[in-house]
J.: 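Handing you a structure now.
Chain identifiers are assigned alphabetically (A, B, ...) following the order of the sequence lines, protein sequences preceding nucleic acid strands; residue numbering begins at 1 within each chain. All figures in this text were calculated on a predicted structure; none of them were measured in a lab.
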There are 2 protein chains.
Amino acid sequence: MQQTQPKSPTKIPSDPLQRAWIALGRISQSVQLHVAIALKDAKLPDLQWYTVLWELERAGQPTRPKDLAVPLFILPYQLSRLVDRMEKEELVSRIDCEEDKRGHLLELTVKGLALRKAMWAVYAPAMQQAMGRITDPEALKLAELLYKLGDIENPHGS
Amino acid sequence: MQQTQPKSPTKIPSDPLQRAWIALGRISQSVQLHVAIALKDAKLPDLQWYTVLWELERAGQPTRPKDLAVPLFILPYQLSRLVDRMEKEELVSRIDCEEDKRGHLLELTVKGLALRKAMWAVYAPAMQQAMGRITDPEALKLAELLYKLGDIENPHGS
DNA sequence: CCCCTTATGTTGCATTTGCAACAAAATGCA
DNA sequence: TGCATTTTGTTGCAAATGCAACATAAGGGG
């Protein structure tokens with residue numbers, strides 16, 4: 001798993017920031033793809049569906065779409081249609097919201113909960129396999145650098 | 001830029017690999033989005049178009065689609081349609097391939113070259129701004145860890 | 001209360017995508 | 001050579017997506 005493609009001169013910029021940018025793009029894409037393929041091979045929905053299910057489960061209560069859109073990093077209309085499809089599969093359901101008659105609350109169904117668990121059984125090992133080449137301390141260092149890189153708060157503080 | 005959202009307990013896994021996975025997903029998405037928005041605001045095409053133009057320019061000669069698909073990390077049919085659209089804009093052109101009559105060679109046009117440069121003028125500063133919070137040594141360390149994480153060869157060796 | 005502005009979601013339509021089926025040239029081999 | 005297999009790339013069709021326009025409720029003065 002070490003030395004692949006000895007070909008291609010792959011002219012790489014000397015600027016450290018550009019090198020980090022390229023590495024970030026390539027590795028995240030490759031690793032995401034690995035997990036996505038594992039899920040597809042198992043005839044399971046994709047990562048976005050998982051994230052919706054997980055956020056709802058983690059919230060522990062029916063949640064407004066607008067509160068889900070932020071952690072999901074997606075636009076309202078995208079979430080609207082995503083929920084359409086998931087509701088059709090009976091994984092979530094839209095229930096009335098008393099405080100705000102415009103919207104509604106999204107509730108995880110029993111089927112949705114079960115699917116999230118089934119997906120995790122595939123997701124977790126695939127992630128492990130995709131990333132297993134670094135040690136735990138290295139993984140922590142990597143997470144730290146990434147949070148410093150972006151302007152997203154590191155949930156663990158510095 | 002430190003303490004945002006004091007809300008949400010944000011239960012985060014203690015497993016270092018999972019923490020790195022989450023950081024990787026969130027940060028790469030956020031940073032990519034920042035650059036994508038900068039390009040869109042400038043009425044320029046997206047990153048994928050840039051990458052095609054850049055790979056062709058870097059190759060320095062007409063190139064087979066199959067040789068582009070690998071660095072682009074995309075499937076043949078995706079590239080086929082991508083080239084359809086770019087050819088319509090006269091950014092690349094399909095020219096005959098003597099060695100293999102099935103396919104063709106992709107050639108960068110003058111217009112394509114100019115567009116790549118115009119995009120870089122927006123792309124580079126946006127990238128800088130999105131990632132400018134880490135120092136150069138940190139950026140190098142980050143790139144190193146990323147290449148160790150994935151199984152993609154680090155163009156700089158270890 | 002009425003009206004204007006903002007917030008929250010949804011939808012029509014055109015573009016894009018994924019998948020599987022297809023086409024055609026190259027390759028291997030009997 | 002003849003013919004099956006592989007490689008390279010494209011396409012029909014259904015599903016998904018982006019964008020802008022829309023619908024409806026909430027909020028905020030006068």
Side-chain angles (χ1 to χ4, degrees), chain A residues 29 32-52 55-56 59 62-89 91-107, chain B residues 29 32-52 55-56 59 62-89 91-107:
Chain A
Q29 197 175 359
Q32 290 267 137
L33 192 60
H34 181 89
V35 174
I37 288 173
L39 286 171
K40 178 167 304 183
D41 286 349
K43 316 277 192 188
L44 291 170
D46 66 22
L47 276 174
Q48 203 172 30
W49 285 40
Y50 182 90
T51 309
V52 171
E55 290 294 333
L56 282 178
T63 303
R64 296 288 295 275
K66 73 183 175 92
D67 297 321
L68 271 191
V70 174
L72 285 178
F73 253 106
I74 66 178
L75 297 169
Y77 74 82
Q78 294 173 319
L79 181 56
S80 176
R81 279 171 167 151
L82 182 52
V83 171
D84 283 349
R85 277 166 252 145
M86 294 182 71
E87 197 174 26
K88 202 171 301 177
E89 302 292 331
L91 301 171
V92 302
S93 58
R94 286 187 241 237
I95 60 181
D96 283 350
C97 176
E98 295 310 320
E99 297 83 31
D100 188 337
K101 293 299 195 167
R102 281 172 301 190
H104 43 248
L105 295 167
L106 300 179
E107 184 173 49
Chain B
Q29 197 176 357
Q32 291 268 137
L33 193 59
H34 180 89
V35 174
I37 288 172
L39 287 171
K40 179 166 304 184
D41 286 349
K43 316 275 191 190
L44 291 169
D46 66 22
L47 277 173
Q48 202 171 33
W49 285 41
Y50 181 90
T51 309
V52 170
E55 289 294 332
L56 282 178
T63 304
R64 296 290 295 275
K66 73 182 175 94
D67 296 322
L68 272 191
V70 174
L72 286 178
F73 253 108
I74 65 177
L75 297 169
Y77 73 82
Q78 294 173 319
L79 182 55
S80 176
R81 280 171 168 154
L82 182 51
V83 170
D84 284 347
R85 277 166 252 146
M86 295 183 70
E87 197 174 27
K88 203 170 299 177
E89 303 291 332
L91 301 171
V92 302
S93 58
R94 287 187 240 237
I95 60 181
D96 282 351
C97 176
E98 295 309 321
E99 297 84 29
D100 189 337
K101 294 299 194 165
R102 282 172 302 188
H104 42 248
L105 295 167
L106 300 178
E107 186 172 47

J.: Nearest-Å distance, CG (Asp41(B)) to C1' (dG18(D))?
T.: 15 Å

J.: Quick one: Asp84(A) CG to dT17(D) P, roughly how many Å, whole number?
T.: 12 Å

J.: Could you tell me the separation between the NZ atom of Lys43(B) and the C1' atom of dC19(D), rounded to a whole number of Å?
T.: 12 Å

J.: Decide yes or no for Arg81(A) and Arg85(A): does some side-chain heavy atom of the first lie under 4.5 Å from some side-chain heavy atom of the second?
T.: yes

J.: Write down the distance between CG (Leu68(A)) and P (dT10(C)), rounded to a whole number of angstrom.
T.: 12 Å

J.: Could you tell me the separation between the CG atom of Leu79(A) and the P atom of dT11(C), rounded to a whole number of Å?
T.: 13 Å

J.: Using whole Å, what does the distance between atom P of nucleotide dT8(C) and atom CG of Leu106(A) come to?
T.: 14 Å

J.: Do Ile74(A) and Leu82(A) touch side chain to side chain, with heavy atoms closer than 4.5 Å?
T.: yes

J.: In whole angstrom, give the distance that lies between atom CE of Met86(B) and atom C1' of dT10(D).
T.: 18 Å

J.: Lys66(A) has an atom NZ; how far is it from atom P of dA25(D), in whole Å?
T.: 17 Å

J.: Does dA25(D) have its OP1 or OP2 closer than 4.0 Å to a side-chain nitrogen or oxygen of Lys101(A)?
T.: no

J.: Specify the closest pair of heavy atoms between Leu56(A) and Glu107(A), including all atoms of both residues, with the distance to one decimal.
T.: CD1-C, 4.4 Å

J.: Just to verify, what does Arg64(A) make a side-chain contact (heavy atoms from CB on, under 4.5 Å) with, not counting sequence neighbours?
T.: Lys66(A), Asp67(A), Cys97(A), Asp100(A), Leu105(A)

J.: Looking only at side-chain N and O atoms, does His104(B) come under 4.0 Å of OP1 or OP2 in dT10(D)?
T.: yes

J.: Nucleotide by nucleotide, 5' to 3', does protein get under 4.0 Å of the base (B), only the sugar-phosphate (S), or neither (-) in nucleotides 15-23 of chain C, counting heavy atoms?
T.: -SSBB----

J.: Looking for any heavy atom pair under 4.0 Å, which part of the strands does Asp100(B) touch: base, sugar-phosphate only, or nothing?
T.: sugar-phosphate

J.: Taking only residues at least two apart or on different chains, which pairs with a member in residues 40-49 of chain A satisfy side chain to side chain donor-acceptor pair (under 3.5 Å)?
T.: none

J.: By nearest heavy atom, map Glu98(A) and Arg64(B) onto DNA chain D; which one lands nearer the 5' end?
T.: Arg64(B)

J.: Tell me whether the side-chain N or O atoms of Arg102(A) pair up with the base of dA26(D) as donor and acceptor below 3.5 Å, since no angle test is needed here.
T.: no

J.: Phosphate oxygens OP1/OP2 of dG9(D): is one of them under 4.0 Å from a side-chain N or O of Arg94(B)?
T.: no

J.: Under 4.0 Å, heavy atoms only, any strand: does Pro65(A) hit a base, just the sugar-phosphate, or nothing?
T.: sugar-phosphate

J.: Report the base-pairing partner of dA30(C) (Watson-Crick or G-U wobble, both distances below 3.5 angstrom), or none.
T.: dT1(D)

J.: Do Thr51(B) side-chain atoms and Leu47(B) backbone N/O form a donor-acceptor pair below 3.5 Å?
T.: yes

J.: For a quick test of reading the model, state the closest non-hydrogen atom pair linking Pro65(B) to His104(B) and the distance between them.
T.: CD-O, 3.3 Å

